[in-house]
2 protein chains.
Amino acid sequence: MENNAPLKPTDTELEILQILWQHGPSTVRFVNEEQSKLKETGYTTTLKLLQIMHEKNLVSRDEEARSHIYQAAVTEEETQQRLLDRFLDTTFRGSAMKLVMQALGNHRTTPDELDQIRHLLKKLEDDSSNAAS
Amino acid sequence: MENNAPLKPTDTELEILQILWQHGPSTVRFVNEEQSKLKETGYTTTLKLLQIMHEKNLVSRDEEARSHIYQAAVTEEETQQRLLDRFLDTTFRGSAMKLVMQALGNHRTTPDELDQIRHLLKKLEDDSSNAAS
DNA sequence: ACAATTGTACGAATGCTTTCGTAAAAAGAA
DNA sequence: TTCTTTTTACGAAAGCATTCGTACAATTGT
(Lines give C-alpha, C1' and ligand atoms only; values in the text may rest on other atoms or scores of the structure.)
Protein backbone atom coordinates (compact mmCIF):
# COMPACT_ATOMS: atom_id res chain seq x y z
CA MET A 1 0.00 0.00 0.00
CA GLU A 2 1.29 3.38 -0.96
CA ASN A 3 1.19 5.90 1.80
CA ASN A 4 -1.32 8.49 0.70
CA ALA A 5 -1.08 10.99 3.54
CA PRO A 6 -2.75 14.37 2.93
CA LEU A 7 0.41 16.32 3.43
CA LYS A 8 1.05 19.99 3.88
CA PRO A 9 3.83 20.99 1.47
CA THR A 10 6.58 23.20 2.83
CA ASP A 11 7.26 26.61 1.30
CA THR A 12 9.92 25.31 -1.06
CA GLU A 13 7.85 22.31 -2.00
CA LEU A 14 4.98 24.59 -2.87
CA GLU A 15 7.33 26.67 -4.99
CA ILE A 16 8.22 23.57 -6.96
CA LEU A 17 4.62 22.42 -7.23
CA GLN A 18 3.76 25.82 -8.71
CA ILE A 19 6.38 25.27 -11.40
CA LEU A 20 5.02 21.81 -12.19
CA TRP A 21 1.44 23.05 -12.25
CA GLN A 22 2.36 25.87 -14.59
CA HIS A 23 4.56 23.92 -16.97
CA GLY A 24 3.44 20.33 -16.65
CA PRO A 25 5.80 17.31 -16.41
CA SER A 26 9.39 18.51 -16.26
CA THR A 27 12.96 17.37 -15.81
CA VAL A 28 14.99 18.30 -12.77
CA ARG A 29 17.03 20.63 -14.90
CA PHE A 30 14.01 22.52 -16.10
CA VAL A 31 12.57 22.86 -12.62
CA ASN A 32 15.93 24.04 -11.38
CA GLU A 33 16.17 26.68 -14.08
CA GLU A 34 12.72 27.99 -13.28
CA GLN A 35 13.47 27.98 -9.59
CA SER A 36 16.72 29.84 -10.18
CA LYS A 37 14.77 32.69 -11.73
CA LEU A 38 13.38 33.38 -8.27
CA LYS A 39 16.45 32.61 -6.19
CA GLU A 40 19.81 31.07 -6.92
CA THR A 41 19.37 27.34 -6.36
CA GLY A 42 21.90 24.53 -6.81
CA TYR A 43 21.00 21.69 -9.13
CA THR A 44 21.34 18.97 -6.53
CA THR A 45 19.23 21.02 -4.16
CA THR A 46 16.33 20.90 -6.58
CA LEU A 47 17.01 17.23 -7.26
CA LYS A 48 16.96 16.36 -3.58
CA LEU A 49 13.74 18.25 -3.04
CA LEU A 50 12.06 16.42 -5.89
CA GLN A 51 13.27 13.09 -4.52
CA ILE A 52 11.85 13.91 -1.12
CA MET A 53 8.60 15.07 -2.65
CA HIS A 54 8.47 11.80 -4.54
CA GLU A 55 8.81 9.86 -1.31
CA LYS A 56 5.97 11.91 0.14
CA ASN A 57 3.88 11.26 -2.95
CA LEU A 58 3.60 14.92 -3.75
CA VAL A 59 5.00 14.21 -7.21
CA SER A 60 5.25 11.14 -9.40
CA ARG A 61 8.07 10.41 -11.80
CA ASP A 62 8.67 8.66 -15.04
CA GLU A 63 12.01 6.86 -14.95
CA GLU A 64 11.93 5.58 -18.52
CA ALA A 65 14.46 8.05 -19.86
CA ARG A 66 17.71 8.75 -18.13
CA SER A 67 16.47 12.18 -17.16
CA HIS A 68 13.51 11.44 -14.98
CA ILE A 69 10.34 13.36 -15.65
CA TYR A 70 8.53 14.65 -12.60
CA GLN A 71 4.94 15.75 -12.39
CA ALA A 72 2.64 16.97 -9.64
CA ALA A 73 0.71 14.17 -7.97
CA VAL A 74 -1.69 16.56 -6.29
CA THR A 75 -3.85 19.10 -8.08
CA GLU A 76 -3.49 22.80 -7.61
CA GLU A 77 -7.12 23.11 -6.52
CA GLU A 78 -7.09 20.47 -3.83
CA THR A 79 -3.82 21.80 -2.48
CA GLN A 80 -5.11 25.35 -2.41
CA GLN A 81 -8.25 24.18 -0.66
CA ARG A 82 -6.31 22.26 1.94
CA LEU A 83 -3.97 25.16 2.61
CA LEU A 84 -6.83 27.64 2.63
CA ASP A 85 -8.72 25.63 5.25
CA ARG A 86 -5.67 25.53 7.41
CA PHE A 87 -4.84 29.18 6.92
CA LEU A 88 -8.38 30.24 7.65
CA ASP A 89 -8.27 28.28 10.85
CA THR A 90 -4.93 29.42 12.19
CA THR A 91 -4.92 33.01 11.03
CA PHE A 92 -8.56 34.06 10.87
CA ARG A 93 -9.95 31.70 13.48
CA GLY A 94 -12.24 30.18 10.91
CA SER A 95 -13.96 33.34 9.78
CA ALA A 96 -14.09 33.14 5.99
CA MET A 97 -15.87 36.47 6.06
CA LYS A 98 -13.03 38.34 7.68
CA LEU A 99 -10.55 36.83 5.30
CA VAL A 100 -12.62 37.73 2.26
CA MET A 101 -13.15 41.26 3.44
CA GLN A 102 -9.43 41.79 3.99
CA ALA A 103 -8.51 40.18 0.71
CA LEU A 104 -10.98 42.30 -1.25
CA GLY A 105 -10.20 45.46 0.64
CA ASN A 106 -6.47 45.42 0.23
CA HIS A 107 -5.79 44.04 -3.20
CA ARG A 108 -6.61 45.50 -6.57
CA THR A 109 -9.54 43.68 -8.03
CA THR A 110 -10.84 44.52 -11.50
CA PRO A 111 -14.51 45.42 -12.08
CA ASP A 112 -14.77 42.20 -14.04
CA GLU A 113 -13.61 40.16 -11.10
CA LEU A 114 -15.94 42.00 -8.76
CA ASP A 115 -18.70 40.98 -11.13
CA GLN A 116 -17.73 37.34 -10.93
CA ILE A 117 -17.90 37.52 -7.18
CA ARG A 118 -21.31 39.12 -7.40
CA HIS A 119 -22.51 36.18 -9.47
CA LEU A 120 -21.15 33.77 -6.92
CA LEU A 121 -22.93 35.66 -4.14
CA LYS A 122 -26.22 35.39 -5.98
CA LYS A 123 -25.68 31.70 -6.52
CA LEU A 124 -24.87 31.14 -2.85
CA GLU A 125 -28.02 33.00 -1.87
CA ASP A 126 -30.16 30.88 -4.17
CA ASP A 127 -28.62 27.70 -2.86
CA SER A 128 -29.32 28.66 0.71
CA SER A 129 -33.01 29.40 0.06
CA ASN A 130 -33.31 26.05 -1.71
CA ALA A 131 -31.65 24.31 1.20
CA ALA A 132 -34.69 25.05 3.36
CA SER A 133 -37.01 22.95 1.19
CA MET B 1 16.96 51.41 18.59
CA GLU B 2 14.64 48.48 19.00
CA ASN B 3 14.71 46.01 16.20
CA ASN B 4 11.36 46.26 14.51
CA ALA B 5 11.58 43.57 11.87
CA PRO B 6 8.34 42.67 10.12
CA LEU B 7 8.46 39.06 11.15
CA LYS B 8 6.42 36.08 10.11
CA PRO B 9 5.34 34.28 13.27
CA THR B 10 5.62 30.50 13.28
CA ASP B 11 2.56 28.31 13.79
CA THR B 12 3.06 28.01 17.52
CA GLU B 13 3.82 31.69 17.86
CA LEU B 14 0.60 32.50 16.07
CA GLU B 15 -1.25 30.19 18.42
CA ILE B 16 0.09 32.16 21.35
CA LEU B 17 -0.64 35.50 19.71
CA GLN B 18 -4.24 34.38 19.26
CA ILE B 19 -4.48 33.74 22.98
CA LEU B 20 -3.03 37.16 23.79
CA TRP B 21 -5.31 38.88 21.29
CA GLN B 22 -8.35 37.16 22.72
CA HIS B 23 -7.57 37.59 26.40
CA GLY B 24 -5.29 40.59 26.58
CA PRO B 25 -2.13 40.81 28.72
CA SER B 26 -1.51 37.48 30.42
CA THR B 27 0.91 35.57 32.61
CA VAL B 28 2.87 32.62 31.30
CA ARG B 29 0.70 30.35 33.40
CA PHE B 30 -2.49 31.62 31.88
CA VAL B 31 -1.16 31.32 28.34
CA ASN B 32 0.03 27.83 29.12
CA GLU B 33 -3.36 26.80 30.46
CA GLU B 34 -5.11 28.12 27.38
CA GLN B 35 -2.59 26.46 25.12
CA SER B 36 -3.02 23.18 26.98
CA LYS B 37 -6.70 23.18 26.08
CA LEU B 38 -5.64 22.64 22.49
CA LYS B 39 -2.68 20.33 23.03
CA GLU B 40 -0.75 19.19 26.08
CA THR B 41 2.05 21.73 26.53
CA GLY B 42 4.71 21.89 29.24
CA TYR B 43 4.96 25.08 31.27
CA THR B 44 8.57 25.80 30.38
CA THR B 45 7.76 25.21 26.74
CA THR B 46 5.28 28.06 26.80
CA LEU B 47 7.71 30.17 28.81
CA LYS B 48 10.53 29.62 26.33
CA LEU B 49 8.29 30.48 23.43
CA LEU B 50 7.21 33.72 25.05
CA GLN B 51 10.84 34.60 25.78
CA ILE B 52 11.78 34.02 22.16
CA MET B 53 8.79 36.03 20.97
CA HIS B 54 9.92 38.80 23.28
CA GLU B 55 13.36 38.82 21.69
CA LYS B 56 11.71 39.03 18.29
CA ASN B 57 9.52 41.87 19.50
CA LEU B 58 6.36 39.96 18.81
CA VAL B 59 5.30 40.50 22.41
CA SER B 60 6.23 42.98 25.10
CA ARG B 61 6.35 42.21 28.79
CA ASP B 62 5.84 43.93 32.08
CA GLU B 63 8.45 42.72 34.56
CA GLU B 64 7.17 44.70 37.53
CA ALA B 65 5.58 41.80 39.30
CA ARG B 66 7.38 38.52 39.77
CA SER B 67 5.08 36.87 37.26
CA HIS B 68 5.79 38.74 34.09
CA ILE B 69 2.83 39.92 32.10
CA TYR B 70 3.06 39.42 28.37
CA GLN B 71 1.07 41.17 25.71
CA ALA B 72 0.99 41.15 21.95
CA ALA B 73 3.24 43.78 20.39
CA VAL B 74 1.66 43.40 16.98
CA THR B 75 -2.01 43.83 16.23
CA GLU B 76 -4.19 41.04 14.97
CA GLU B 77 -5.13 43.04 11.88
CA GLU B 78 -1.63 43.91 10.72
CA THR B 79 -0.51 40.34 11.31
CA GLN B 80 -3.44 38.92 9.40
CA GLN B 81 -2.75 41.33 6.57
CA ARG B 82 0.91 40.41 6.42
CA LEU B 83 0.18 36.70 6.46
CA LEU B 84 -2.61 37.08 3.95
CA ASP B 85 -0.32 38.88 1.51
CA ARG B 86 2.21 36.15 1.81
CA PHE B 87 -0.35 33.36 1.55
CA LEU B 88 -1.97 34.93 -1.47
CA ASP B 89 1.40 35.12 -3.12
CA THR B 90 2.67 31.62 -2.42
CA THR B 91 -0.55 29.67 -2.67
CA PHE B 92 -2.75 31.59 -5.10
CA ARG B 93 -0.03 33.30 -7.13
CA GLY B 94 -1.40 36.66 -6.17
CA SER B 95 -4.96 36.18 -7.35
CA ALA B 96 -7.16 37.58 -4.59
CA MET B 97 -10.13 36.65 -6.72
CA LYS B 98 -9.37 32.96 -6.79
CA LEU B 99 -8.84 32.93 -3.07
CA VAL B 100 -12.08 34.74 -2.37
CA MET B 101 -14.04 32.45 -4.66
CA GLN B 102 -12.67 29.36 -2.97
CA ALA B 103 -13.19 30.76 0.49
CA LEU B 104 -16.79 31.72 -0.21
CA GLY B 105 -17.57 28.57 -2.10
CA ASN B 106 -16.38 26.10 0.48
CA HIS B 107 -17.25 27.58 3.82
CA ARG B 108 -20.64 28.25 5.35
CA THR B 109 -21.37 31.92 5.20
CA THR B 110 -24.55 33.33 6.67
CA PRO B 111 -26.91 35.52 4.58
CA ASP B 112 -25.96 38.36 6.86
CA GLU B 113 -22.31 37.99 6.06
CA LEU B 114 -23.04 37.71 2.35
CA ASP B 115 -24.80 41.01 2.72
CA GLN B 116 -21.77 42.63 4.30
CA ILE B 117 -19.68 41.48 1.39
CA ARG B 118 -22.23 42.90 -1.02
CA HIS B 119 -21.88 46.25 0.68
CA LEU B 120 -18.13 46.08 0.39
CA LEU B 121 -18.43 45.27 -3.30
CA LYS B 122 -20.61 48.28 -3.88
CA LYS B 123 -18.15 50.45 -2.00
CA LEU B 124 -15.25 49.13 -4.04
CA GLU B 125 -17.14 49.82 -7.24
CA ASP B 126 -17.89 53.40 -6.18
CA ASP B 127 -14.30 53.98 -5.22
CA SER B 128 -13.03 52.79 -8.58
CA SER B 129 -15.34 55.09 -10.53
CA ASN B 130 -14.26 58.01 -8.35
CA ALA B 131 -10.62 57.15 -8.91
CA ALA B 132 -10.99 58.23 -12.54
CA SER B 133 -11.80 61.83 -11.60
C1' DA C 1 13.04 29.78 60.13
C1' DC C 2 12.40 26.25 56.80
C1' DA C 3 10.13 23.48 53.40
C1' DA C 4 7.27 23.49 49.47
C1' DT C 5 5.64 25.95 45.61
C1' DT C 6 5.88 29.02 41.76
C1' DG C 7 8.45 31.56 38.83
C1' DT C 8 12.51 32.84 35.37
C1' DA C 9 16.59 31.68 32.74
C1' DC C 10 19.17 28.91 29.98
C1' DG C 11 21.27 25.20 27.53
C1' DA C 12 20.76 21.15 25.17
C1' DA C 13 18.23 17.44 22.65
C1' DT C 14 15.12 16.44 18.95
C1' DG C 15 13.16 16.78 14.65
C1' DC C 16 12.39 18.80 10.27
C1' DT C 17 13.71 21.60 6.06
C1' DT C 18 17.09 23.02 3.04
C1' DT C 19 21.60 23.03 1.06
C1' DC C 20 25.58 21.02 -0.67
C1' DG C 21 29.65 17.85 -1.49
C1' DT C 22 30.88 13.64 -3.48
C1' DA C 23 30.53 9.22 -5.75
C1' DA C 24 29.12 6.47 -9.38
C1' DA C 25 26.40 5.43 -13.58
C1' DA C 26 24.98 6.76 -18.27
C1' DA C 27 25.50 9.36 -22.44
C1' DG C 28 27.88 12.06 -25.73
C1' DA C 29 32.15 14.02 -28.08
C1' DA C 30 36.66 13.64 -29.94
C1' DT D 1 38.28 3.96 -26.82
C1' DT D 2 38.94 7.73 -23.69
C1' DC D 3 37.68 12.17 -21.85
C1' DT D 4 33.97 15.24 -20.60
C1' DT D 5 29.34 16.23 -19.39
C1' DT D 6 24.96 15.10 -17.42
C1' DT D 7 22.47 12.73 -14.34
C1' DT D 8 20.97 10.08 -10.10
C1' DA D 9 21.74 8.77 -5.32
C1' DC D 10 23.09 9.52 -0.88
C1' DG D 11 24.92 11.29 3.34
C1' DA D 12 25.95 14.94 6.05
C1' DA D 13 26.03 19.79 7.48
C1' DA D 14 23.57 23.95 8.70
C1' DG D 15 19.65 26.36 10.24
C1' DC D 16 15.48 26.82 12.65
C1' DA D 17 11.35 25.58 15.70
C1' DT D 18 9.97 23.13 19.53
C1' DT D 19 10.39 20.60 23.75
C1' DC D 20 12.27 19.65 28.00
C1' DG D 21 15.54 19.14 32.04
C1' DT D 22 17.76 21.62 35.46
C1' DA D 23 19.39 25.41 38.24
C1' DC D 24 18.30 28.96 40.97
C1' DA D 25 15.56 33.04 42.78
C1' DA D 26 11.33 34.76 44.96
C1' DT D 27 7.24 33.83 47.47
C1' DT D 28 4.10 31.42 50.36
C1' DG D 29 2.55 28.42 54.11
C1' DT D 30 3.42 26.10 58.45
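Everything numeric here is computed off the predicted structure, so don't read it as measured data. Naming convention: chains lettered A, B, ... in sequence-line order (proteins, then strands); numbering from 1 in each chain. Values below: every heavy atom of this structure, side chains too, minus hydrogens, waters and symmetry copies.
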Asks: For B/H23, what residues pass the ring pair (Phe, Tyr, Trp, His ring centres under 6.0 Å) criterion, not counting sequence neighbours?
Replies: B/F30

Asks: Rounded to the nearest 0.5 Å, how far does CD of B/Q18 lie from OG1 of B/T79?
Replies: 9.0 Å

Asks: Measure from CD1 on B/I69 to P on C/dG7 and round the result to the nearest Å.
Replies: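 Rounded to whole Å, this separation is 11 Å.
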
Asks: Using whole Å, what does the distance between atom P of nucleotide C/dT18 and atom CG of A/L58 come to?
Replies: 12 Å

Asks: Would you please test A/D11 and B/T90 for side chain to side chain contact (heavy atoms under 4.5 Å, CB included) and show each step?
Replies: CA-CA 8 Å; A/D11 283 356; B/T90 59; 5.6 Å; no

Asks: What distance separates B/E76 CD from A/F92 CZ, expressed to the nearest 0.5 Å?
Replies: 8.5 Å

Asks: Measure the spacing between CD1 of B/I19 and CG of B/L14 and express it to the nearest 0.5 Å.
Replies: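 Spacing of CD1 (B/I19) from CG (B/L14) equals 10.5 Å.
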
Asks: From NE2 of B/H54 over to C1' of C/dC10, roughly how many Å is that when rounded to an integer?
Replies: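 From B/H54 NE2 to C/dC10 C1': 16 Å.
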
Asks: For the atom pair CD (B/Q80) and CD (A/Q102), what is the distance rounded to the nearest 0.5 Å?
Replies: 5.0 Å

Asks: Within the sub-3.5 Å range, which N or O atoms of nucleotides 19-26 of chain C have a protein N or O partner, and how far apart are they?
Replies:
{"from": "C/dA26", "atom 1": "N3", "to": "A/R66", "atom 2": "NH2", "distance (Å)": "3.3"}

Asks: How close or far is atom P of C/dC10 from atom OH of B/Y43, stated in whole angstroms?
Replies: 15 Å

Asks: Take B/Q71 and B/L20 through the test side chain to side chain contact (heavy atoms under 4.5 Å, CB included) and record every step on the way to the result.
Replies: CA-CA 6 Å; B/Q71 75 180 309; B/L20 294 176; 5.6 Å; no

Asks: Measure the distance from CG on A/L14 to P on C/dT17 and round it to the nearest whole Å.
Replies: 14 Å

Asks: Going 5' to 3' along DNA chain D, between which two nucleotides do contacts with chain B fall, using a heavy-atom cut-off of 4.0 Å?
Replies: D/dA17 to D/dT27

Asks: Think B/Q51 has a side-chain N or O under 4.0 angstrom from the OP1 or OP2 of C/dC10?
Replies: no

Asks: In the structure I gave you, are the side-chain heavy atoms of A/Y70 and A/L58 within less than 4.5 Å of one another anywhere?
Replies: no

